[in-house]
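Let me begin by presenting the structure, written as structure tokens, before commenting on it.
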Amino acid sequence: MEGVRPEFVINAAGYTGKPNVDACEIHKLECLEGNGVFPGLVKEVCAETKTPWGHVSSGCIFTGSHPDGSGFREEESPNFSFRQNNCSYYSGTKALGEEILQDAPHCYIWRLRIPFNHINNPRNYLTKVITYAQLLEARNSLSQLDDFVRATWECWSRRLPFGVYNVTNPGAITTHEIVELIKKSALGKRLQAKGKTFSFFADEAEFMKIAAKTPRSNCVLDSSKLTRAGIKMEEVHEAVEQALVRWETAS
């Protein structure tokens, strides 16, 4: 709107698909517009008005980890994108969005990865682990939502250098480790008393055959750049454990 001059702009818009990224394979136009085209429009406006801004991207543009188990760093090129022809449409458009913003002046790109917190909600990863009939064993980086919001805002409030930041809780965690933390929690004990059990697919091939239409990103990101800048996030196992301790159902 003409005459409005914000100090800072945050683009948290995007298209993820509901109930999951399989929907993006059907709604490709909306997905491309939300994840690829719209960030480019924000870039143009912010460049024209010289407005600093931040863009919420995704860690889903990577798959796997380095051979030693370490995570991908910000300066590494995505390996789960249209350029590799191995990705979901969602991941491809998110990688495209980052490409469009490569030369954006005064811009933060914040990579979110499998968000969770202590509020029971269908979009919360912990809710998904609890409610899904079967689970896929995988090792991933995660982002605790409250930590993520605080860390991204601190990038601006501390005037960190613009650029890409992996905003994930340090470390990586497997699905089995999350299930064990759930089982040990008060929530898990209540669920198990009601007969809740946790079942796993035999492997990714069975998962793709039964439960998914498009490949999923399972990856580890290195968040040490954020740590070196002085922004701390809770270690991922501890963050999951604390979310379960504080667990509540949204009203």
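Just so we're clear, the structure is a prediction, and the values are computed from it rather than from any experiment.
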key: Check against side chain to side chain donor-acceptor pair (under 3.5 Å), Gln84 and Ser81   = CA-CA 6 Å; Gln84 284 72 37; Ser81 72; 2.5 Å; yes
Evaluation steps, side-chain contact (heavy atoms from CB on, under 4.5 Å), between Lys94 and Glu98 = CA-CA 7 Å; Lys94 294 301 284 190; Glu98 286 205 10; over 6 Å; no
[X] versus [Y], closest heavy-atom pair with distance:
X      : Y      : result
Gly54  : Phe8   : N-CZ, 3.5 Å
Gly92  : Phe82  : C-CE1, 3.3 Å
Ser223 : Asn166 : CB-O, 3.5 Å
Cys31  : Tyr90  : SG-CA, 3.9 Å
Pro170 : Glu234 : CD-O, 3.4 Å
Asn124 : Asn117 : ND2-O, 2.9 Å

Return yes if some donor-acceptor pair links the side-chain N/O of [X] with the main-chain N/O of [Y] below 3.5 Å, else return no.
X      : Y      : result
Asp22  : Ala212 : no
Asn35  : Thr93  : no
Lys225 : Val164 : yes
Glu248 : His118 : no
Arg150 : Leu145 : no
Gln242 : Glu238 : no
Ser143 : Arg113 : yes
Glu177 : Thr174 : yes

Between [atom1] on residue [X] and [atom2] on residue [Y], distance to nearest 0.5 Å:
X      : Y      : atom1 : atom2 : answer
Asp203 : Lys209 : CG    : NZ    : 10.5 Å
Asn86  : Ser217 : CG    : OG    : 9.5 Å
Leu160 : Arg228 : CG    : CZ    : 11.5 Å
Ser141 : Ile173 : OG    : CD1   : 10.5 Å
Cys219 : Asn140 : SG    : CG    : 6.0 Å
Glu25  : Tyr89  : CD    : OH    : 9.0 Å

Do [X] and [Y] make a side-chain contact, defined as non-hydrogen atoms from C-beta onward lying under 4.5 Å apart?
X      : Y      : answer
Cys155 : Leu226 : yes
Tyr165 : Ile109 : no
Arg111 : Ile61  : yes
Val220 : Phe62  : no
Lys184 : Lys189 : no
Leu101 : His55  : yes
Phe148 : Thr168 : no
Val245 : Ser185 : no

Inspect the surroundings of [atom1] in [X] and state if more than 12 heavy atoms from other residues, nucleotides or ligands are less than 6.0 Å away.
X      : atom1 : result
Asn85  : CG    : no
His66  : NE2   : yes
Arg123 : CZ    : yes
Glu75  : CD    : yes

task = State whether Trp156 and Arg159 meet the cation-pi test: NZ (Lys) or CZ (Arg) under 6.0 Å from the six-membered ring centroid, and within 45° of the perpendicular axis.
result =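 Judged by the rule, Arg159 and Trp156 form a cation-pi pair.
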request  = Is it possible for you to check whether Lys196 lies under 6.0 Å from the centre of the six-membered ring of Phe198, through NZ or CZ, and within 45° of that ring's axis?
outcome  = yes
ask   = Please walk me through it: do Asn120 and Thr127 pass side chain to side chain donor-acceptor pair (under 3.5 Å)?
value = CA-CA 6 Å; Asn120 184 19; Thr127 298; 2.9 Å; yes
State yes or no: do [X] and [Y] share one hydrophobic cluster built from I, L, V, M, F, W and Y residues joined by side-chain heavy-atom distances below 4.5 Å, directly or via other members?
X      : Y      : value
Leu135 : Phe116 : yes
Trp53  : Ile100 : yes
Ile130 : Val240 : yes
Ile114 : Trp247 : yes
Val56  : Trp153 : yes

task = Let me see the working for Asn20 and Lys128 under side-chain contact (heavy atoms from CB on, under 4.5 Å), right down to the final yes or no.
result = CA-CA 11 Å; Asn20 55 49; Lys128 295 177 181 180; 5.8 Å; no
request  = For Ile178 and Ile182, run side-chain contact (heavy atoms from CB on, under 4.5 Å): C-alpha distance rounded to whole Å, both residues' side-chain angles, the deciding distance at 0.1 Å, then the answer.
outcome  = CA-CA 6 Å; Ile178 292 173; Ile182 292 172; 4.0 Å; yes
Aromatic ring proximity, centroids under 6.0 angstrom, Tyr108 and Phe162 = yes
message = Check this for me: does any side-chain nitrogen of one of Asp147 and Lys232 sit under 4.0 Å from a carboxylate oxygen of the other?
response = no
ask   = Passes side-chain contact (heavy atoms from CB on, under 4.5 Å), Asp146 versus Gln144? Steps please.
value = CA-CA 6 Å; Asp146 304 274; Gln144 203 278 351; 3.0 Å; yes
ask   = Do the side-chain N and O atoms of Ser224 and Thr227 include a donor-acceptor pair separated by under 3.5 angstrom?
value = no
